[in-house]
Amino acid sequence: MGHILAKLCCVPKQQSKNDGDDSDHHVEFAGGNVHLITTKESWEQKLEEARRDGKTVVANFSASWCGPCRMIAPLYCELSEKHPSLMFLTVDVDELTEFSTSWDIKATPTFFFLKDGQQVDKLVGANKPELQKKITAILDTETQCQK
């Protein structure tokens, strides 16, 4: 399993800043309806907004230097456009190192699914079918709750 996981995700580098190329990855990870989170305040603000609107949050803890993160980013953006009833966030682990550590991020990408600020599911790695499956499951649950 170890070598498969290595292809699907990256272990975070032990560095606090990237190489100063923070201009291009913002565009890459924040297309569609994806909101790029670079401060703890904007995280709190978006979670509050989601709580108020009754939306489930999909939070992608990602890094610009991570190949699997870049590989899954277009799908993540596509899913954000396809499912406006969910809120899609991307947290740059290099910009928010301490915050990411508080979420116990051991590899990128790591996706958290949050309802009312509480974790309801989690996915580690750039597993496209599994990400789609988990999003479908959340949407199915929300549809059943509304009946």
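Between F112 and F61, the ring-plane angle classifies as perpendicular under the 30° and 60° cut-offs.
Contacts classified as salt bridge (Lys or Arg N to Asp or Glu O under 4.0 Å) and involving residues 78-89 (residues at least two apart or in different chains) are given here: E78-K82.
Legend: residues meeting side-chain hydrogen bond (donor to acceptor under 3.5 Å, both in side chains) with S85, ordered by chain and number and at least two apart, are absent. When the side-chain hydrogen bond (donor to acceptor under 3.5 Å, both in side chains) test is applied to K40, the partners found at least two apart in sequence or on another chain are E44.
Contact check for F88 versus I135: side-chain heavy atoms found under the 4.5 Å cut-off. At a threshold of 4.5 Å between non-hydrogen side-chain atoms, the residues L131 and Y76 count as touching. Under the 4.5 Å side-chain criterion, counting only non-hydrogen atoms from C-beta, D94 is in contact with W65. Residues T110 and D104 fail the side-chain proximity criterion, which asks for heavy atoms closer than 4.5 Å. Inter-residue side-chain proximity for L75 and Q132 is flagged as met; some heavy-atom pair is nearer than 4.5 Å.
Atom CD1 of residue I37 and atom CG of residue D92 lie 11.0 Å apart, to the nearest 0.5 angstrom. Remark: T39 OG1 to E41 CD distance equals 5.0 Å, nearest 0.5 Å. Here the straight-line distance linking atom CG of L79 with atom NZ of K134 works out to 14.0 Å at 0.5 Å rounding. If you take CE on M87 and CG on L47, they are separated by 8.0 Å, rounding to the nearest 0.5 Å. We find the CZ-OG distance between R70 and S62 to be 9.5 Å, quoted to the nearest 0.5 Å. Annotation: the span from H83 atom NE2 to T136 atom OG1 amounts to 6.0 Å, rounded to 0.5 Å.
The shortest non-hydrogen separation linking V124 to K122 is CG2-CE, 3.8 Å. Nearest heavy atom pair, residue S80 against residue C77, reads OG-O, 2.6 Å. Residues I105 and S100 come closest through the heavy atom pair CG1-O, 3.2 Å. Scanning both residues, L114 and Q119, for their nearest heavy atoms gives CD2-CA, 3.5 Å.
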Q.
Checking L96 against W103 for the side chain to side chain contact (heavy atoms under 4.5 Å, CB included) test, could you report, in this order, the C-alpha distance in whole Å, the side-chain angles of both residues, the deciding distance, and whether it holds?
A. CA-CA 11 Å; L96 286 171; W103 280 83; over 6 Å; no

Q: Test side chain to side chain contact (heavy atoms under 4.5 Å, CB included) on K55 and L86 and set out the steps.
A: CA-CA 5 Å; K55 289 185 174 187; L86 304 176; 6.0 Å; no

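Heavy atoms from other residues, nucleotides or ligands lying under 6.0 Å from NZ of K133 number 12 at most.
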